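Model, not experiment: these values are computed from the prediction.
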Amino acid sequence: MKNDSDGRAALQMIRETIEDHCPPGVLLSEEAVNGIYGPTLQGEAAAISAAIVATVERLQLRTTVKPPTPNIKA
């Protein structure tokens, strides 16, 4: 990546957090980001944004697909 080193460091911290805590596969590799978006801070930010949206969508799907089974006994 080129551009501001502080911005790059901040995005790297966010990338590592997503890699550690979000579902596998929601964030493209740095090489893929460079190929798709270009080696810029904006490209990395776009990939991170897409990963956040993908994570939220997966979490919403998980909570809406399987409602709890009622435990009502007669």
Side-chain angles (χ1 to χ4, degrees):
M1 300 252 167
K2 54 187 178 185
N3 298 333
D4 180 45
S5 63
D6 288 339
R8 175 68 184 125
L11 290 175
Q12 184 61 35
M13 183 186 312
I14 296 167
R15 169 177 276 282
E16 290 171 5
T17 301
I18 289 172
E19 290 172 344
D20 291 344
H21 299 285
C22 293
V26 296
L27 182 59
L28 296 171
S29 69
E30 288 187 59
E31 294 80 18
V33 170
N34 290 342
I36 295 169
Y37 297 103
T40 65
L41 295 179
Q42 283 295 108
E44 181 70 3
I48 288 171
S49 296
I52 292 169
V53 170
T55 299
V56 170
E57 287 174 349
R58 287 187 186 189
L59 291 173
Q60 288 174 340
L61 182 63
R62 191 179 331 165
T63 59
T64 58
V65 169
K66 192 174 181 183
T69 305
N71 284 335
I72 301 173
K73 295 182 180 180

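Of all heavy-atom pairs spanning Y37 and G43, the tightest one is CB-CA, 3.4 Å. The two atoms that bring P23 and R58 nearest to each other are CB-NH1, 3.2 Å, heavy atoms only. The shortest heavy-atom contact between A47 and V33 is CB-CG2, 3.4 Å. Annotation for G7 and L41: closest pair C-CD2, 4.0 Å, computed over non-hydrogen atoms. Across every non-hydrogen atom of I48 and L11, the tightest pair is CD1-O, 3.7 Å.
The CD1 atom of I36 lies 8.0 Å from the OG atom of S29; values are rounded to the nearest 0.5 Å. To the nearest 0.5 Å, atoms CG (D4) and CZ (R8) are separated by 11.5 Å. Annotation: the span from D20 atom CG to R15 atom CZ amounts to 11.5 Å, rounded to 0.5 Å. Annotation: the span from M13 atom CE to I18 atom CD1 amounts to 12.5 Å, rounded to 0.5 Å.
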